[in-house]
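Order of appearance sets the numbers: ligands from 1, and atoms from 1 within every ligand.
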Amino acid sequence: MSLSVPVSAPARSLDPLSHALRGAIQRVVDSGRWLKGMETAAFEEEFAEYCGAGLCLGVGNGTDGLELALRAASAAGREVVTVANAGGYTTTACRLVGATPVYVDVDDARLTMNIEAAVNAVGPNTRVVVATHLYGNVVDVELLTRRLAQKGRSDVLIVEDCSQAHGASVGGRRVGSLGDMAVFSFYPTKNLGAFGDAGAVVCRDAGLHDELAALHQYGWTSRYRSTVPYGRNSRMDEVQAAVLRVKLPHLDEWNDERRRIVGVYGSAISGTDLRLATDHTDGGVAHLAVFRCEARDDLRNHLASLAIGSDVHYPVLDCDQESQRGLHVRRETLSCSESARDEIVTLPCFPGMMDAELAQVVDGLASFTSRGASEP
Ligand SMILES: *Cc1c(COP(=O)(O)O)cnc(C)c1O
């Protein structure tokens with residue numbers, strides 16, 4: 001009997017934690033304090049510690065986190081160097097803040113920012129480079145930092161987007177601790193996910209942290225005294241913080257599960273035309289199992305006929321989104337981003353994925369790659 005295999009299944013890994021999660025939520029309900037209480041403060045401390053980053057601010061979601069980070073970086077009216085293949089979140093934040101996105105290409109193998117392209121695109125008006133650790137693949141932020149310094153542009157701030165890379169590391173240092181600020185989303189399907197929307201911005205600099213803290217709550221520097229312009233409301237709530245505190249100690253083991261799955265896929269497709277864009281070695285955390293296949297739609301149809309889910313992350317480059325027409329942007333050569341867009345396909349990969357499900361996907365890949373081979 002074949003199972004229906006989803007691309008992700010955020011409830012799967014939670015059975016053993018069900019009691020602890022219910023207890024945590026009950027504790028919040030009983031506390032009578034559902035925002036800016038104990039749980040959020042404790043999570044901020046525990047997550048900063050986990051990242052090795054010093055300071056953490058809980059916010060409403062990852063997109064807000066990017067907006068607040070760009071605002072705190074004084075990116076308004078300036079340029080933000082970023083990639084075009086990472087789902088549009090940075091572009092959305094740029095637009096809200098009034099920054100100009102500058103799109104640079106990605107490396108063909110891992111589909112993360114091409115560092116030389118990013119450094120070359122830095123111009124007199126550049127304020128920020130957003131390094132997105134896409135699919136759990138890490139960007140070498142230390143190299144980026146060095147290359148910016150060599151160019152005499154250490155004034156350019158680096159914001160890591162770690163929304164697909166909780167727990168990943170570069171050279172033994174966790175993402176979130178590598179740039180000037182780092183943004184996390186805890187959307188339910190992320191490597192660390194809440195029971196709804198939540199996000200965080202981590203940083204080491206107390207001045208930036210204070211600025212972020214004011215911006216995330218009405219521009220307040222003290223209660224009812226709004227001193228920072230463009231302050232808004234974007235808070236993590238206590239229920240999400242309590243849930244994340246229960247889950248955080250399990251993040252590393254869940255990441256190991258994701259890496260193991262991608263490792264199995266890697267062995268299964270060796271010698272075929274399929275390639276993996278997800279790098280589960282080298283500190284990566286395999287958020288998504290992303291393959292490249294020239295006949296992507298055929299592969300997706302084949303898998304669908306076997307009840308195996310798939311998705312495309314992402315089918316439209318940021319600079320081609322209809323909603324962003326009229327946004328002032330700078331667009332460098334994007335040939336790798338463009339060819340990848342038409343070939344990428346995301347297959348099931350999540351903690352709690354059963355061996356039978358994994359075997360089913362592996363069999364589906366095998367029957368796809370050998371199709372035609374047995375024809376006379
Ligand atoms: C999910 C995601 C975001 C946005 O997070 P939300 O919490 O959904 O706003 C930002 N950047 C990347 C790379 C993401 O994957």
Nearest non-hydrogen protein atom, atom 11 (N) of ligand 1: Asp161 OD2, 2.7 Å
Heavy atoms, side chains only, cut-off 4.5 Å: are Leu192 and Leu251 in contact? yes
If we number the atoms of ligand 1 from 1 as shown, the ones under 4.0 Å from a heavy atom of Thr132 are 13 (C)
When you compare ligand 1 with Gly62, is there at least one nitrogen or oxygen pair between them that comes in under 3.5 angstrom? yes
Asn120 versus Glu116, side-chain donor and acceptor atoms under 3.5 Å: no
Of Ser185, Gly88, Gly65, which has the heavy atom at the shortest distance from atom 8 (O) of ligand 1? Ser185
May I ask you to decide if Ser337's main-chain N or O and Asp105's side chain share a donor-acceptor pair within less than 3.5 Å? yes
Quick one: nearest non-hydrogen protein atom to atom 9 (O) of ligand 1, plus distance? Thr63 OG1, 2.5 Å
Given 3.5 Å as the limit, does a donor-acceptor pair link the side chain of Arg12 with the main chain of Gly352, or not? yes
Which residue from Gln164, Lys190, His133 reaches closest to atom 2 (C) of ligand 1 through any of its heavy atoms? Lys190
Run the ring-ring contact (aromatic ring centres under 6.0 Å, His included) check on Phe186 and Phe43 step by step: do they pass? CA-CA 12 Å; Phe186 304 112; Phe43 174 72; 5.5 Å; yes
Which bit of Asn61 is near ligand 1, meaning a heavy atom under 4.0 Å away: side chain, backbone, both or neither? both
How are the rings of Tyr265 and Phe291 set relative to one another: parallel (under 30°), tilted (30 to 60°) or perpendicular (over 60°)? perpendicular
